[in-house]
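Input: a single structure, listed below in structure tokens.
We count ligands from 1, going down the list as the structure has it; atoms in each ligand are counted the same way.
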Amino acid sequence: MLIIARTEPSVDLEPTNLPAGPQPATPEPQAHWQQILAQSIRDAHVLCQRLQLPAIDTAHIQAASRDFPLLVPEPFLQRMHVGRLDDPLLLQVLPQIQEINTQPQMQLDPLQEREYTPVAGIIHKYRGRVLLITQGACAINCRYCFRRHFPYQEHTLSRAQWQASLQYIEERPDIHEVILSGGDPLATSDARLAYLTQAIAKIPHVKRLRIHTRLPVVIPQRIDAACLAWLADLPIQVVMVLHINHAQEIDAQVQAAVARLRALGVSLLNQSVLLAGINDSLQAQIDLSEALFACGILPYYLHTLDPVQGAAHFDYPDEQAQILVSELLAHLPGFLVPRLVREIPERASKTPLVLTSPSLSECT
Ligand SMILES: *Cc1c(COP(=O)(O)O)cnc(C)c1O
Ligand code: SF4
């Protein structure tokens with residue numbers, strides 16, 4: 001989440017010629033995770049074959065994925081159940097005909113983020129923290145993504161723009177936290193991330209670096225030695241906010257990647273989106289929270305769906321969401337219940353939805 005999906009999947013869409021950063025004379029060899037990303041599935045037929053599903057109407061899929069293509073990396077695919085069209089991981093990535101039905105209540109830029117972009121690549125909306133758009137690519141295309149219509153090209157940063165973002169932060173002593181977002185910031189190469197994060201950490205008023213990413217979930221091999229090296233070098237605290245919607249997304253490889261991050265002292269949180277037909281049951285939410293905590297991740301936010309054009313079929317009514325999370329409160333310790341929030345433009349933070357704890361006699 002909080003990341004822009006771009007139309008063309010690309011392995012490493014980089015700003016060219018970063019100043020003073022590592023500048024290899026010859027192109028860097030592709031890391032293992034980059035090879036996995038490059039070999040991702042982009043064809044619905046291949047996806048159906050691999051999962052032994054009946055062939056789907058290609059015309060529909062093509063129409064639905066014209067502006068936002070199918071993109072599924074292999075490690076994520078391997079966690080799907082064969083033969084199940086209702087698999088909760090498949091439903092997150094499979095283009096559906098409903099995507100092209102225009103809904104009046106759905107918008108192209110539901111969060112109106114363009115208003116909060118003082119320089120290209122920075123979204124400064126809330127006090128004390130800014131989003132720095134590292135790059136536009138993602139390692140998976142989630143159909144419910146609220147930035148599926150985002151003009152990502154404007155945010156594929158050039159060298160000068162990256163510098164302008166850093167300068168913007170330097171000039172504002174009230175910014176204490178920089179949030180790397182995208183696209184997926186971890187789709188950027190380690191050499192460039194090492195350069196950027198060191199530059200951020202040198203700004204005296206920046207206390208924390210936060211990274212919003214889905215990459216360690218969809219390609220756990222991303223958390224490799226090179227990634228751990230620049231993370232370990234940072235002199236400021238690092239918080240990583242992952243994006244996992246369903247317990248089935250967490251397998252042994254994800255657990256191992258998370259363990260590597262925790263060993264460095266990285267704080268791990270999770271945000272998810274409440275998606276009709278995917279994680280909208282009490283049991284799915286309990287299982288998710290338990291699976292997260294079992295590997296050392298705390299639930300942070302449960303977002304209601306942003307009203308983005310093409311995602312109406314994932315929508316879940318707020319009143320039912322409030323009931324669902326109230327029930328969750330009655331089943332789990334408080335620290336395993338994510339904050340149910342909606343993003344409303346013009347508000348100073350995410351907006352928590354009101355919950356009422358059921359009375360003890362109502363609980364079974
Ligand atoms: C969600 C968001 C943040 C982070 O909000 P937290 O409540 O601190 O997690 C920061 N900036 C923007 C623009 C956001 O959308
Ligand atoms: S990882 Fe998925 S939800 Fe996040 S920005 Fe990319 S496409 Fe959107």
Side-chain angles (χ1 to χ4, degrees), residues 1-10 13 37 40 65 67-73 76 89 92-93 95 109-118 121-150 152 155 169 175-187 207-219 222 239-245 249 267 269-273 275 278 298-306 308 310-311 314 338-352:
M1 283 287 302
L2 299 173
I3 355 197
I4 308 159
R6 57 189 303 278
T7 332
E8 278 283 285
S10 122
L13 226 206
L37 180 52
S40 295
S65 51
D67 295 334
F68 189 58
L70 177 123
L71 177 65
V72 192
F76 195 75
L89 275 56
Q92 294 181 47
V93 296
D109 178 17
L111 310 186
Q112 294 160 31
E113 285 187 327
R114 267 166 262 207
E115 288 175 28
Y116 305 102
T117 301
I122 289 274
I123 302 178
H124 193 183
K125 190 168 165 188
Y126 301 154
R127 241 189 163 127
R129 52 224 197 270
V130 288
L131 285 192
L132 194 157
I133 306 296
T134 313
Q135 64 142 19
C138 282
I140 185 168
N141 283 347
C142 314
R143 305 318 296 177
Y144 52 84
C145 182
F146 71 97
R147 290 190 175 166
R148 50 183 296 158
H149 308 284
F150 208 78
Y152 62 87
H155 291 283
I169 299 164
I175 296 177
H176 298 304
E177 179 168 335
V178 176
I179 306 172
L180 299 188
S181 187
D184 195 313
L186 290 188
K207 298 179 193 159
R208 280 183 300 277
L209 177 73
R210 202 200 299 189
I211 303 173
H212 280 178
T213 177
R214 191 145 157 77
L215 244 156
V217 182
V218 299
I219 306 180
R222 177 66 188 91
V239 182
M240 199 174 273
V241 182
L242 300 174
H243 173 186
I244 302 173
N245 296 314
E249 289 172 53
S267 304
L269 304 174
N270 183 62
Q271 54 183 343
S272 57
V273 183
L275 298 163
I278 293 177
L298 281 174
Y300 180 37
Y301 282 140
L302 175 61
H303 296 265
T304 55
L305 189 78
D306 295 310
V308 62
F314 291 119
R339 273 154 264 189
L340 178 67
V341 289
R342 173 167 282 292
E343 178 112 20
I344 303 177
E346 315 286 329
R347 296 280 177 91
S349 71
K350 315 268 182 251
T351 307

Between Thr117 and Ile133, is there a side-chain heavy-atom distance shorter than 4.5 Å?
no
Any non-hydrogen atom of Arg210 lying under 4.0 Å from ligand 1?
yes
As an exercise, identify every atom of ligand 1 less than 4.0 angstrom from a heavy atom of Ile123.
13 (C)
Taking only heavy atoms of Tyr301 into account, list the atoms of ligand 1 that are under 4.0 Å away from them.
6 (P), 7 (O), 9 (O)
Please tell me if the side chains of Arg210 and Pro185 come closer than 4.5 Å, counting only heavy atoms from C-beta onward.
no
At a non-hydrogen distance cut-off of under 4.0 Å, which region of Cys138 contacts ligand 2 (side chain, backbone, both, or neither)?
side chain
Contact check: His212 vs ligand 1, nitrogen or oxygen atoms, below 3.5 angstrom:
no
Please indicate whether any nitrogen or oxygen in Arg129 is less than 3.5 Å from any nitrogen or oxygen in ligand 1.
yes
Just to verify, what does Arg347 make a salt bridge (charged side-chain N to carboxylate O under 4.0 Å, His left out) with, not counting sequence neighbours?
none
Residues in ring pair (Phe, Tyr, Trp, His ring centres under 6.0 Å) contact with Tyr300, at least two apart in sequence or another chain:
none
Decide yes or no on side-chain contact (heavy atoms from CB on, under 4.5 Å) for Arg214 and Glu249, but give the supporting numbers first.
CA-CA 11 Å; Arg214 191 145 157 77; Glu249 289 172 53; 2.8 Å; yes
With respect to Lys125, determine whether any N or O atom, backbone or side chain, lies less than 3.5 Å from an N or O atom of ligand 1.
no
For Arg214, take its heavy atoms, then give the atoms of ligand 2 lying under 4.0 Å from any of them.
1 (S)
Option passing salt bridge (Lys or Arg N to Asp or Glu O under 4.0 Å) with Lys125 (candidates Glu115, Glu346, Glu343):
Glu343
For ligand 1, note which part of Glu343 has a heavy atom under 4.0 Å away: side chain, backbone, both or neither.
side chain
Is the side chain of Arg127 donor-acceptor paired with the backbone N or O of Ser349 at a distance under 3.5 Å, no angle test?
no
Arg342 side-chain N/O to Thr304 backbone N/O, donor-acceptor pair under 3.5 Å
no
Under 3.5 Å, is there a donor-acceptor pair between the side chain of Asn141 and the main chain of Leu71?
no
Pull out every atom of ligand 1 sitting under 4.0 Å from any heavy atom of Leu131, numbered as shown with elements.
11 (N), 12 (C), 13 (C)
Give the atom numbers and elements of ligand 2 that come within less than 4.0 Å of a heavy atom of Cys145.
3 (S), 5 (S), 7 (S), 8 (Fe)
Contact partition for Ile179 relative to ligand 1, non-hydrogen atoms under 4.0 Å:
side chain
Numbering the atoms of ligand 1 from 1, which are under 4.0 Å from a heavy atom of Tyr300?
6 (P), 7 (O), 8 (O), 9 (O)
Answer with side chain, backbone, both or neither: which part of Tyr116 has a heavy atom less than 4.0 angstrom from an atom of ligand 1?
neither
Does Ile140 come within less than 4.0 angstrom of ligand 2, counting non-hydrogen atoms of the residue?
yes
Quick check on contacts: which atoms of ligand 1 are under 4.0 angstrom from a heavy atom of Lys350?
1 (C), 2 (C), 3 (C), 14 (C), 15 (O)
One pair to check against side chain to side chain donor-acceptor pair (under 3.5 Å): Thr213 and Asp184. What are the steps and the verdict?
CA-CA 6 Å; Thr213 177; Asp184 195 313; 2.7 Å; yes
